[in-house]
A.B. asks: 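Dropping the structure in here first, questions after.
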Amino acid sequence: MYRIALCDDETAELHETERMLKEYEEGHSEAEFIIKCFESAEELLNQVRENSYVPDFIIMDIYMPEKLGIEVAHELRDMGSKGRIIFLTRSREHALDAFGVEASQYLIKPITEKVLFPVLDKLLGDMEETRRKYLLLRIDGRIQRVAVNDIVYCEAEGKTQHLYLSNGTQYELRRTMAEIYEMLACYREFSRVGVAYIVNLEHVDSLNAQEVEMDNGKKIYLPRGSYQPLRERYFSYYCEENEVL
């Protein structure tokens with residue numbers, strides 16, 4: 001699952017890029033996109049600044065009324081964002097500036113599938129190779145291989161722990177929560193939330209002082225005092241992961 005922020009003040013081009021991304025997603029079973037569209041740079045910056053929004057990719061027009069995309073990228077980097085940036089533009093004037101904000105690509109408009117799709121192939125391939133890790137779990141008397149990235153969260157219910165995957169599958173594990181966390185602790189994306197939950201930070205859709213919402217719609221209410229440590233770990237995880245990539 002990848003969070004993609006699209007930012008372009010030209011509405012028609014914004015939605016055309018969104019259409020191409022959805023077409024790519026439909027043709028690639030390994031690609032799961034959560035796309036957010038922004039018609040202004042300030043709207044994007046405010047989402048990152050105030051709402052703990054951490055996109056994996058930012059596809060952004062370089063010429064916008066309130067400020068240049070390069071300026072927006074500098075502000076995002078100053079806020080700790082390590083998301084891959086793809087600039088869209090009608091001019092090559094700022095191509096060298098793109099290196100200063102570690103942009104992944106600088107594409108000349110009009111963008112077509114023929115141009116965009118190979119770029120997505122490369123970027124997603126690089127990220128997926130790093131992300132793809134597996135656990136071997138005993139489920140219903142069989143050894144089951146489960147991709148770490150597919151685990152959304154684990155919930156304790158009495159003596160049974162329930163593991164929820166991104167495809168809707170649910171497994172019952174006859175282990176204690178401490179044992180499960182011990183298996184997952186070596187993966188930086190997992191964090192305890194109180195005594196009843198382990199969440200995969202890759203699948204956190206939003207986070208505030210009251211609750212964390214997962215990308216499968218599950219809302220987990222935060223125990224007193226748990227918001228700030230979870231928020232810090234969330235941002236730390238994303239910054240460190242994208243730095244490695």
Side-chain angles (χ1 to χ4, degrees), residues 1-28 30-49 51 53-131 202 205 215 235 238-245:
M1 183 272 298
Y2 299 93
R3 295 173 181 81
I4 301 180
L6 300 184
C7 189
D8 197 323
D9 63 296
E10 297 183 30
T11 305
E13 295 192 3
L14 180 71
H15 293 307
E16 175 60 12
T17 306
E18 182 183 24
R19 181 197 66 76
M20 287 189 284
L21 286 171
K22 289 180 177 178
E23 181 180 328
Y24 181 93
E25 184 180 19
E26 289 174 3
H28 296 75
E30 75 281 4
E32 293 182 58
F33 296 158
I34 296 177
I35 303 168
K36 281 192 177 184
C37 294
F38 302 91
E39 294 189 14
S40 77
E42 285 303 324
E43 186 183 0
L44 169 60
L45 291 170
N46 286 338
Q47 280 283 310
V48 174
R49 185 183 299 114
N51 295 326
Y53 178 53
V54 184
D56 298 293
F57 295 96
I58 302 129
I59 302 178
M60 178 166 47
D61 186 11
I62 210 163
Y63 290 104
M64 287 180 285
E66 64 267 49
K67 59 182 67 178
L68 286 174
I70 296 292
E71 297 176 82
V72 179
H74 275 296
E75 290 189 44
L76 289 170
R77 294 303 190 217
D78 288 344
M79 285 189 279
S81 173
K82 298 293 182 180
R84 304 293 185 93
I85 296 175
I86 300 173
F87 283 123
L88 309 180
T89 182
R90 298 187 187 281
S91 167
R92 298 182 185 277
E93 180 183 353
H94 296 280
L96 290 178
D97 296 332
F99 289 103
V101 291
E102 301 175 10
S104 297
Q105 291 288 335
Y106 189 94
L107 304 180
I108 304 298
K109 290 183 176 183
I111 306 302
T112 64
E113 291 90 338
K114 186 177 179 180
V115 172
L116 182 61
F117 285 11
V119 171
L120 293 173
D121 285 342
K122 183 179 188 309
L123 294 180
L124 293 178
D126 291 345
M127 294 182 74
E128 190 64 21
E129 185 177 346
T130 302
R131 283 183 169 190
E202 278 285 340
D205 192 47
D215 58 19
F235 275 102
Y238 266 94
C239 290
E240 288 173 11
E241 177 184 290
N242 284 302
E243 202 166 49
V244 169
L245 295 172

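Only a predicted model underlies this, so the values are computations on that prediction, with no experimental measurement involved.
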A.B. asks: Compare every heavy atom of L76 with every heavy atom of L44, then report the nearest pair and how far apart it is.
C.D. replies: CD2-CD1, 4.4 Å

A.B. asks: In a check of side chain to side chain contact (heavy atoms under 4.5 Å, CB included) between L45 and each of Q47, E42, E43, which one passes?
C.D. replies: E42

A.B. asks: Could you grab the distance from atom NE2 of H28 to atom CZ of F117, nearest 0.5 Å is fine?
C.D. replies: 7.0 Å

A.B. asks: Taking all atoms of both residues into account, what is the closest heavy-atom pair of F38 and L14, and its distance?
C.D. replies: O-CD1, 3.8 Å

A.B. asks: Would you call I108 and T89 a side-chain contact if the rule is heavy atoms closer than 4.5 Å?
C.D. replies: yes

A.B. asks: Considering only heavy atoms from C-beta outward, does the side chain of R77 approach that of I85 to under 4.5 Å?
C.D. replies: yes

A.B. asks: Salt bridge or not between K22 and E18? Use side-chain N to carboxylate O under 4.0 Å.
C.D. replies: yes

A.B. asks: Heavy atoms, side chains only, cut-off 4.5 Å: are F87 and I70 in contact?
C.D. replies: yes

A.B. asks: Can a donor-acceptor pair be found, under 3.5 Å and without considering hydrogens, that links the side chain of D56 to the backbone of R3?
C.D. replies: yes

A.B. asks: Got a second to check how far D8's CG is from E39's CD, nearest 0.5 Å?
C.D. replies: 9.0 Å

A.B. asks: When rounded to the nearest 0.5 angstrom, what distance separates CD1 in I4 from SG in C37?
C.D. replies: 10.0 Å

A.B. asks: Where is the tightest heavy-atom contact between E113 and P118, given as atom of each residue plus distance?
C.D. replies: O-CD, 3.8 Å

A.B. asks: Is the closest basic N to carboxylate O distance between E16 and R19 below 4.0 Å?
C.D. replies: yes

A.B. asks: Working to the nearest 0.5 Å, report the span between CD1 of I62 and CD1 of I86.
C.D. replies: 13.0 Å

A.B. asks: Quick check for you: to the nearest 0.5 Å, what is the distance between L124 atom CG and Y24 atom OH?
C.D. replies: 5.0 Å

A.B. asks: Going by atom types only, do Y63 and D9 share a side-chain donor-acceptor pair under 3.5 Å?
C.D. replies: no

A.B. asks: Of all the heavy-atom pairs spanning L88 and D61, show the shortest one and how long it is.
C.D. replies: O-OD1, 3.1 Å

A.B. asks: Can you find a pair of side-chain heavy atoms, one from M60 and one from V72, that are under 4.5 Å apart?
C.D. replies: yes

A.B. asks: Nearest heavy-atom pair of I59 and T17: which atoms, and what distance?
C.D. replies: CG2-CG2, 4.2 Å

A.B. asks: Considering non-hydrogen atoms only, spot the tightest contact between I111 and M20 and give its length.
C.D. replies: O-CE, 3.5 Å

